[in-house]
Structure formats: C-alpha cells, structure tokens
Amino acid sequence: MSLLNLKNLTMRFGGLTAVDAVTETIEPLLLMGLIGPNGAGKTTVFNMITGVYLPTEGQISFDGQNLVGQKPHEIAGTGIARTFQNIRLFPSLSVFDNVRVGFNNALSIGILGSILQPRSFWRGEKEIAEKIDHLLEMFGLLDQRNELAKNLSYGDQRRVEIVRAMATDPKLLLLDEPAAGMNPTEKQKLMSLIRYLRDEFQIAILLIEHDMHVVMGICERITVLDHGAKIASGTPEEVKNNPEVVKAYLGHSE
Amino acid sequence: MSRKHRSYLYLLIGFAAIIGLSFPFEAGLNSYDMRIVINVGISMILAASLNLINGFTGQFSLGHAGFMAIGAYTASALTTMVFGTTEGTTQELLFLVVLIAGGVSAAIAGLLIGIPSLRLKGDYLAIVTLGFGEIIRVVLQNIEPLGGSLGISGIPRYTTFIWTFGILAVLIFVTENLMRSTYGRGFLATRDDEIAAESVGVNTTKYKVTAFVVGAFFAGIAGGLYGHYNSLIRPLDFGFLKSVEIVVMVILGGMGSTWGVLLAAALLTYLPEALREVELFGIKFRDFRMTIYALSLILLMIFRPQGLLGDFNAEEFIRKIRGKPKKPATTET
Amino acid sequence: MYRLITLLFAGLLAGIMISCGGNGGNEEESDVIKIGHFASLQGDIATFGQQTDKGIKLAVEEINANGGVLGKQIQLITEDTRSTTQDAGLAAEKLISNDGVTVLLGEVASSLSLVAAPIAEREQVPMLTPSSTNPEVTVDKNGNVRKYVFRVCFIDPFQGKVMAKFAKENLSTQRIAILKDNANDYSVGLAKNFRETFEAMGGEILAEQAFEAKQVDFKSQLTDIRDMNPDAIYVPGYYTEVSLIAEQARDLGITVPLLGGDGWDSPELTKGKFKEALEGCYFSNHYSVEDTTAKVKAFTEKYDQSYGELPGAMSALGYDAMYIVADAITRAGSTDSEAVTKALSETKDFPGITGNITIDEQHNAEKSAVVLMIKEGKFTYFATMEP
Amino acid sequence: MEEFLQQLINGLSLGAIYALIALGYTMIYGVLRFINFAHGDVFMIGTYIGFFILTSSFGQALGPGFGTAVIVFLAAMLGCGLLGVTIEFLAYRPLRTRPKLTVLITAIGVSFFLEYTGQLSFVFGADPRTFPTVVEKTMVVQSGSLVIDSYQIIIFVVAIVLMLGLRMLIMKTRIGTALRASSMNLNAASLMGINTNAVISFTFFVGSALAGAGAILYAMSYPKINPLMGILPGLKAFIAAVLGGIGNISGAAVGGFIIGSAETMTAGYISPTLRDAIVFAILIFILIVKPSGLFGQGGTEKV
C-alpha cells in the first residue's frame, strides 16, 4: 500500500500554472528525490501537501485519508513533517524549546492542567524533556540545547529544523533543499544522516535538492518536474539518462 | 520544596506579602497615594493581560479597553442592580462573584474578537480590534438601563489593595505557569512563525483564541476592580485612548517581558501624578502631559523600540548578580 | 519565578517613594486659603473645562486684589482630569489629601463630579460644582442629600421644565420635536424633563431624535423632523453642535424656532454664518451678557480684557462659584470644613452674575432662569421664569 | 423615493470628502505598507490653515468669493502637503526598516501630538472655532423635500477634478511612474535607480495635500472646527480605503462614496446614533470576509 498519493495535483496562481496535473505515489520507507530547474514547482508541491496552499485541482491522500482542505496543523497531525527552504525556526526560542514545540500535540494537557500543573503535568513534561535530549544528542546538538535558535550557525539551524520535524513523530518527512549552503564535508554528513533517519525511525523521506551529488547519492527514486509538469520518474540511473530531463536542465539556456 | 510546587510557593509568598504590605499601606498612605497605588495595580493587570495577547502571542490588539468595559459594566451592573450594597463576608464573596462574572463576559467577547484574528495579521488586526472597541463603546452608550452616556454611578467601593494585588498575583501565577506549558510554547511559536508552527502541528488558531480569551478575562476583572473603586463608569472612559495607553505600557515594557510590562504600567500610571507639580522653564508639566506623552511615544519608537526591558532577562540578571554559574534555564521543567 | 519577588520589592520601593513624596495635607497655619479646582483642561470636553477655569481665575484675581478672604490671599490650585473619570478621582483626591484645599471646585461633566462627590463626602471637604446639572451629584441614588456637595447651576429637571413652560405658555406652541445628544447626559436629562412637563401641560412631543456628540451631520434627523411639521424644535445640546444643527435645519427649509438650554451660551454660537440660522431662537440661561446691571457689565468687560473673548455660561458659573466660596468662608469666619460647609448650605440670595443664588435643601442653586432670544446674533433678554 | 434620493445625495457629498482623505491613506499604504494614523490630524490642521487665512486681515479684506476659495484651497493643500512631508521625514523615515507595528505606534504618537498640542490654549485651544464663509451658499435644487445646495455640488466637482488630476499625475508623469513602481516593490524600484526617498516624500506631499483639500470642503459644509475633529473623518476615510482595497487608488475613491452613503442611509433609515458603529461593523465585515477589499488583489505569502 502506498503512503502518499498525489493525483492530478494542479496549482494555478492567477494565469500562471505553477504545478500542472502531477500524479505521484510514495511508498512507505522510500527515500525519494524531487528535482527540477528553478521555478519548476517543487516547493509548491510541498506547500500543497502540507496544506499551506489549497490545490486548484487534484487530490492528495495520505495513509488512506484525504488531505485536501485540511489545515496545515491537521496535516502535521496525520504524520507529515517538513522543513523549509529558507529555514523557519522560532528565532526567540531556545533549541530545546524549538523542538519541544514539536511535541506540543503529544502532551494532552488542557488549559486548566497547564495553569494548575498537577503531578501528571510534570510527568509529561519530564518524559518529553528526555525524548528531546535524546533527539538532540542523536543530532549532535546537545551542546547548543539552550542557545537561542537565531544565534545558531546555518548548518545547525538546518539540523534543528529536522529535529523539530522529527519531534512530531512523522511517517513522511519532507525536506526542502536540506543541503543548501553546506560545504562538501557537511553534505556528506547530511547524506548519512538522512539515511540514518529513514532506517532508525522507519519513515519515508521526500526531498527537494539541487545538488545532484546528494540526490543521486541517496535517493532510491527520483521524480523530475519542469514548468510544473512531471517529465520523468525512476531510479537515479534512469533519470540521469532520460533525454527529457537533460533537455529540461540544459534547455533553459536556449 | 520541589520545583514542581515552586509556583504555588511563590503565589503564597505573594499573597502573604500583599496582606503584610496592606497594613502599612493602609495606615501610612493618604487616600491620594492609595488611589495611585490601586490605579497602578489595575494598570498592571491590564498591561500584563494584554501582554499575553500582544507580547507573547504576537496578536496586535487595539481594543483592550473594550474588554475592560464589558467586565466593568457586568460587574458594576450586578452589584448596583442585583445584589445591592452589602457588608462583611457577604460583600467579599459577592465581589468575587461579580468580578468573575465580569471576567467571563469579557472572555466571551474575547472569543468573538479572537475569531477575526484567525484571518488577519498586524495592522489589519489592530484596526479590527479598534473597531470592536469602538462598537462596544457606542452600544453601551445606547443602552438606557445601563445609564447611557452617564454610565453606572453610585457603585460601592469594594476594591482594596489586597483585592487588586491579589488578582495581579493570580494573573502572574497563571501567566508564568501557562508560559511554561504547551500553551506558552504554542503562543510563542505562533508569534515567531505561524507557518512553521502549523507545520509541526501547532493549532495556531486555538492558541490565538486562547490568548484572547485569557487576556480578555483578566481585562474584564480589571474593569470590575476599576468600577468598584471609582464609583462611576461610563462608556467614554473605555475608548480608543485607553486601549492605546495599555498598548503603550506593553510596548514600553518590551513585548513579552512580564517584568518589564509591569514596570512600565507602574511608571506610566505613577509618573503623570508625580510630575503634576513639576515645572520646567516656567511651564507646568500637567498642561503639557499629553503632548509630552505623544512625543515620548515617538522618540521611544525611534530610539528604543524593544521597550525598556525588551532584551533584558530578569532571571539571567539575577543569576549574574548572585554569581551562580549559568544553568540551563529549560531544565526547570 | 524570581520575577514575583522582585516585583514585590519594586512595589515596596515604589510605596516608600510615594509615602516620602506626599506631604499628606499638613495642618500648619498658612497665610493663604487653598481652593482646588479639578477640571477637564484636555480631552473631549476641554473646551468647557478651560472656560470654567478662566472664570474662576478671574474671580480669584479680583478677590485677591481686594484683599482676599479673612485677610488671606486665595491660592487656586487647578488639576487636570483629561476629561476622564480615572483622572477626576486622582485630581480630586490629590487636591484634598496632598494640598489640603479648603473647598473643592469642579467639574463640568456630571459623570466626573459623581466620581469626586463620594471622595468629598468621605474626606469631609466641601465641594461646589459650577456646572454639573445631574440631580444625582448632590442627592445620591437613595435620595440622601450629600452633606458636602453643592452646586451653582440649575439641575436638569429645572431647565427642562422652564423651557417646556415657556414653549407652552409664552410661545403657545403645541407640537414640538426634540433633538438630543445621546452621548451627553446633560442633554438627555434636559430632553427627558422637557418632554414630561410639556406633555403634562397638554402639549405633544412629535419625536425624540438623537445624535452623538462630535457628529457634524444632522440632516437625517432634521429631515425626519421637518416632515412632521413641528411648531418648534427643542435642542438641549452644547453650542458646539447647536450651530451646525441650526444651519442644517435652515438649509432643509425648517423655519420654526429652535429652543435650548444654557449649553448654548457662548459667543461662538452665533458667529459668522450661524447668526442668520439662529435668528429668533430661544434658550434658557442664568443671565444675559447684555444685562446692563453694573455687575454683569463689569464681569463681561473684565473677562474680555483678560482673555480677548466674551464669557460663556461656563465662565460665568465658574466665576460665581468662586465668589460663593469666598462668601461662605467669610461668613464662616474660618476655613474649618464643617463651618464652611454650613455656611455654603446657608447661602441665600447671593447676588451672582448668574442670578440671585440661594442654596436649597437639596444643595441645588435656587435662582430664576431667564429666557434669551437671539436677535441679530445677540442674546437679548426675553423673559424671566420663576422656579 | 425623494427621501432616498436626498440621503443618497447627502451621502455622496460626504463620501467625496472621505474619498479625498482615503486617497492619502491608500497612496501611503501602497508605497510604505503602513497605516498613517496621523492622516486624519493632518486633515484637521488643513481646516485651521483655512481658518487662519480667512480670519486674518488679508482674508477679511478679500471676503467670500471664488478668488478667496482658490487661495484657501491652495494654501491648505500646500500647508498639509508640507506637514505630511515633515512628519514623514522626522518620525517615519528613521523607522523605514523597522516592523510595521513600530511605525503604527509612532503614527499614533504623531496623531496624539497634533491633537493635544492643538488643544493647548495658546495653539488652537480646545474651543471649537467657527469657520468663516468661503463662498456664499445657494440652493440649487429645491423641489418638494429634495434639497441640493451649491456646496454639495462644489464638493463633488472639486473631488472629482482632484481625483482625475491625481490619476493623470500617476499615469502620465515620470514621478507617477516611479510611484507606481515603488508601490509594486519598493526595494526593486530602488535597485532600478529610482530615488525612493523622493518618491515617498512626494507620496506624502500629494496624499496630505488631498487631505488639505478635503479639509476645506469639510469645513465649508460643517463650519465648526476643533483639534479633535480629524479623528472620526480620518477613521472613516481609512475604512473607505480598506473597503476599496488598500493601496488601490480608484478603490479608495469608490470606498469613500460607499462609506459616505452607508453612513447617511444608516442615519436616515436605521438610527442616527448608530452611524459610526455601522461604519465600523462594515469594516470588520470586510476584513473578515474579504480582507483585500473590493478591488484589492490578495497576495499569497511566499513560503
């Protein structure tokens, strides 16, 4: 059974068709890449899946549920987490609290409980704190635990964003250009981290990436978008040799 | 005492201190000074409750005086028209009842006003809340049984030092505890980045409305306290100017800094009184106070927009002067 | 959580600062008599507060120039209420507790006087309001007369009645429409009492239309009123709006006279183009600026000299209030609060600018009203109405 | 029917004034994306400029008439325009890169400053002043209960002429093109070599000058002026701008007419005391249902 189904997904902004009838499926545990030239509509696909944009047409189903029309936080609740191209952390919160926000829904304490703070409140908070520390340790961020997010280095910010996404306990993780701005060593580390994530947490990962080395190195399947339309899909090898893809990447200089 | 109960301990210490202070205050202060102190307390409640909406959750509201009006009218109408003037324990109990009733009706209004905040941001929200505040004022003016433009007069004086600061202590307790829970994190996440917050499952709508409801509840109680101190309330006093005054306290204090906001509320209520007699170059301050108020507002925005204590962290400051090593603040939980 | 403790310390500090700063009404023997005036010098009704203050100041200057009261000079302390109830409470309390004033003067708005009245009662300091017309200011809701609170002006019922009587008997009108200011309790009070009296006398009130203070367009209300064809329109508002109402009424072809109360009394009422619009209208007032008695004439001239404008009702009432206070202190022979209060309550036939004033049992000013007619922009004496 | 027509005419002439003020709000919002709260008070200053000219010995020597009207209009427009530029330069320019709310608070500060300084007895004083006659009022139509006077026609004509003039200015001139470019994207415009500071000053000048013209029209029809008089017309004009889609110039004009008519209709058919509340209710309704206004284009936040 497939995890995520996109059917005829279309997004138009005024006269511009950003995403044009894209159909795609993602299986559980798959590491999949979404590539294409700038403006191909990759991030728009992410935004439709996560409910930031309402698709003009088409369906999205995840784990058997329809996602179209659901609010972003409801979609997050079904098990889809994401990072952003232009990093969106909570700048005034510490690294620890950034991640803790991701656990907000895991704690089912009402407003009275939050004000009066009975024993169960503290128990819950303690459990969460342990989980967060565990996650931070796993990502090598424990030293920056109490640092404000805005004071972190770029690479650390990217990793915190991933940790925060993982805090929601997702089944599918969407990564938007995770390697942007990283040097080759960092990219190498990132690739092993992504693989590790999939294996350790048993999730599917869909990533947008411009760095072909990263994409070809870790993705098991790749889908290529151009001008909003899907032009190819397959293994890295197949995609690399697809004439349409070559044309799309080179043809833009015509 | 474990840290889990620390907030209760502080609340108790707070109550004890307020009761302890009330004796020298009642005995040592003349009634003018006492009135300043009570007004300071009410301002603090208003500012701290708006801080929840404006400072922590980032929802810019220019209609806080409207919530105050609803609370003041509910509480005062109940006292003058239903319960009548009472004494002793009955009075204290009924006072609590009317204050809470005022808070609840303001909270309901907060729920209604919170809803547009789901769609609007920044200055648009500010204008809508301004409109709500004005509508509340005009409607109150047109309700004859509530005294129309004259308002409700002859409200007995129930508000005391203990009531005012006791409620302030409860508000601080509620705020501090909320901010340490999922709600507080939800507020801050909503303020910092709504889209990111939604992406990790934070229902920003719920947090925005909660902030409005809790903030409005305490503003309503502040209204009840005000009515039962001032003996008369009327629609004109809950207009745009009052809302702006409260917003300025929050901004001056540094949005989201409880400590700073309380200090700013105290300063902005106390200073105009302290400066009444001050004369500079033969010009009496009191004749120019509104001009000076406006000018300082502009200068503040240009030179210190983060407020008095905007980037000041009280806990860190105290840790520094106590010479303790920096311990991770978040392990408190 | 250190915040709470720090806060309490701050509160304590502030408290100490305050108690050191305030000198809490020292009882020392001084060579001045302190009179406090709390007034709206800024904000919505600043125009009336400033006028009252001018009247009081003029009176103080005169009294001091003539040797003061009981051989002492009068020191006037004016505090601003910014037209708000919060600051009215603070100002009144400050004047009483910190300055230790002998008598408290103020406010224009009844709502603001109603904040100060309980304070005056509690602190047992006599308070005289120049122009708060709501009956509740001197007599509380339960019908008890406030011992320390008095007024110099008419109360709403009196002026409403006077004008109703005048409309029915002197003008022989039968059908009248009312246009009142809903945001102003003075206007609402006058309208209510006018209606009651006029109907009791067999007249007919066609409509009671309302507007909100600060509005400038009254055409909708006036169009409705015009279609009813009344014999006159009662507009118990302030001159700030009445001029515009009159002009718009004339534009709409309404020719019947407008009737009003002392809120009309200001030279601004008939300035410029409003002169024509208000020709032949009537309003009830305390006195007439045109009054040729030496007293009124001297006041008008002096006021004009000092401020470069003619006085309005608020200035005259402030002026009278100050003189009544001086008179009461003189009669009391001391600044003792009880003695002054008693003297105030015994004020009888005091010859003020605004009439011969007697304080009655309800602590209201008993005096006859005059009805003025507007002729070529001037307020000319038309009739005297007895209470 | 006659009454409806009358209310409509009253509403349209009131709305024309709102439209003039609303243009200033919308132009400034278009370029700087912030609500110039002090705009209503600039309008108030405009009436006082007219007042002081008309009551000066110069103005009294002129007497009412067409020439006087032209002088008063130009003076108020120039005065308000310069005031607008000054306010922008002193209070808003230092905040160019700050969050919008900081600027909003500053604008409220400027608004209070103008209002309360105006109330000081040696400035304008709190007492309302009577605005002298600029041109004599005559009745143009007086059939049955329908009354149209010359002022209503003057207001309408002046407002339409100014709006057309503004349109020409924006569409046909160099600075107008720069203004349009700046309201699409201030940064991009600046990169393209447009002197954005000059454009912003120009926007404030034109917007405030229109408020100055509106001020004279307003003071002619409601000749009592006071330092707090700018608050309500300012708010209503702002609402008109929002209704039309803030940042949209023809929207502001249409919005002004709609708000003016809604107000007089409410007063005529529902309740005169609720006219202000109704206008606010309209505002809230629009913002909740269609925040981009009637003619505004809704933007999508880039994620």
Side-chain angles (χ1 to χ4, degrees), chain C residues 40-51 53-54 82-83 179-183 209-224 226-227 238-245 247-248 250-254 266-277 307 309 312 314, chain D residues 2-3 6-7 9-11 13-14 54-55 64 115-116 119-121 125-134 136-137 139 142 144-149 151-152 218-229 231-233 260 263-277:
Chain C
S40 304
L41 300 180
Q42 296 195 30
D44 289 332
I45 54 164
T47 168
F48 309 118
Q50 290 181 0
Q51 278 183 35
D53 200 44
K54 284 178 186 166
R82 271 191 319 151
S83 314
L179 182 55
K180 65 179 176 184
D181 177 355
N182 233 11
Q209 292 268 355
F211 61 91
E212 295 264 329
K214 286 190 213 156
Q215 284 179 350
V216 290
D217 192 302
F218 312 92
K219 295 197 192 96
S220 308
Q221 295 94 318
L222 290 167
T223 307
D224 281 357
R226 176 188 61 186
D227 297 344
Y238 281 123
Y239 64 91
T240 41
E241 277 89 19
V242 169
S243 314
L244 290 173
I245 292 174
E247 199 209 6
Q248 290 169 23
R250 301 308 176 223
D251 281 356
L252 288 170
I254 299 174
S266 161
E268 284 287 333
L269 181 76
T270 52
K271 269 223 178 125
K273 59 182 73 171
F274 301 125
K275 193 174 128 188
E276 237 171 276
Y307 305 112
E309 62 190 37
M314 301 297 159
Chain D
E2 239 174 21
E3 197 199 333
Q6 179 77 61
Q7 303 287 19
I9 289 164
N10 295 348
S13 75
L14 185 61
L54 289 168
T55 49
E115 286 164 17
Y116 290 105
Q119 277 205 334
L120 295 174
S121 51
D127 206 24
R129 305 294 190 93
T130 302
F131 195 81
T133 311
V134 183
E136 294 297 344
K137 187 197 280 192
M139 292 301 148
Q142 207 158 14
S145 59
L146 187 68
V147 179
I148 302 174
D149 62 48
Y151 280 11
Q152 288 175 315
Y218 192 83
M220 275 167 62
S221 0
Y222 309 110
K224 279 258 167 174
I225 61 173
N226 70 74
L228 303 185
M229 67 177 286
I231 302 174
L232 267 184
E263 205 187 311
T264 49
M265 293 291 169
T266 307
Y269 293 106
I270 303 172
S271 158
T273 52
L274 289 180
R275 60 194 293 171
D276 299 339

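In what follows, every heavy atom counts, from backbone to side chain, and hydrogens, waters and symmetry copies are set aside. So that the names make sense, note that chain A is the first sequence line, chain B the second, and so on, each numbered from 1. This structure is a prediction, so every number in the text was calculated from the model and none was measured.
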Side chain C:Glu268, main chain D:Thr130, donor-acceptor under 3.5 Å: yes
Measure the [atom1]-[atom2] distance between [X] and [Y] for me, rounded to the nearest 0.5 Å.
X	Y	atom1	atom2	answer
C:Lys219	D:Leu14	NZ	CG	8.0 Å
D:Glu263	C:Asp217	CD	CG	7.5 Å
D:Asn226	C:Thr47	CG	OG1	8.5 Å
D:Ile231	C:Asp44	CD1	CG	7.5 Å
C:Leu252	D:Leu146	CG	CG	10.5 Å
C:Gln50	D:Gln119	CD	CD	7.0 Å

Do you know which of [options] has the most heavy-atom pairs under 4.5 Å to chain C?
options	value
D:Pro223, D:Ala267, D:Ser271	D:Pro223
D:Gly125, D:Pro128, D:Pro233	D:Pro128
D:Glu115, D:Arg129, D:Gln6	D:Arg129

Heavy-atom contact with chain C under 4.5 Å, split by part of D:Thr266: neither
By a 4.5 Å heavy-atom criterion (distance strictly below it), what part of D:Pro132 contacts chain C: side chain, backbone, both, or neither? backbone
Is there side-chain contact between C:Arg226 and D:Val147, with heavy atoms separated by less than 4.5 Å? yes
Identify the heavy atoms of C:Lys273 and D:Phe131 that sit nearest to each other, and give their distance. CE-O, 3.9 Å
Shortest non-hydrogen contact between C:Glu247 and D:Ser221, atoms and distance: OE1-O, 4.2 Å
Looking only at C:Gly312, C:Ala210, C:Gly253, the option with the highest number of non-hydrogen pairs under 4.5 Å against chain D is C:Ala210
Which one wins on heavy-atom pair count under 4.5 Å against chain D: C:Gln248, C:Glu241, C:Glu212? C:Glu212
Which region of [X], side chain (C-beta onward) or backbone (N, CA, C, O), has a non-hydrogen atom less than 4.5 Å from a non-hydrogen atom of chain D, or is it both or neither?
X	result
C:Gln42	both
C:Gln209	side chain
C:Asn182	side chain
C:Tyr239	both

Quick one, C:Val216 with D:Lys224, criterion side chain to side chain contact (heavy atoms under 4.5 Å, CB included). Give me CA distance, side-chain angles, the key distance, then yes/no. CA-CA 8 Å; C:Val216 290; D:Lys224 279 258 167 174; over 6 Å; no
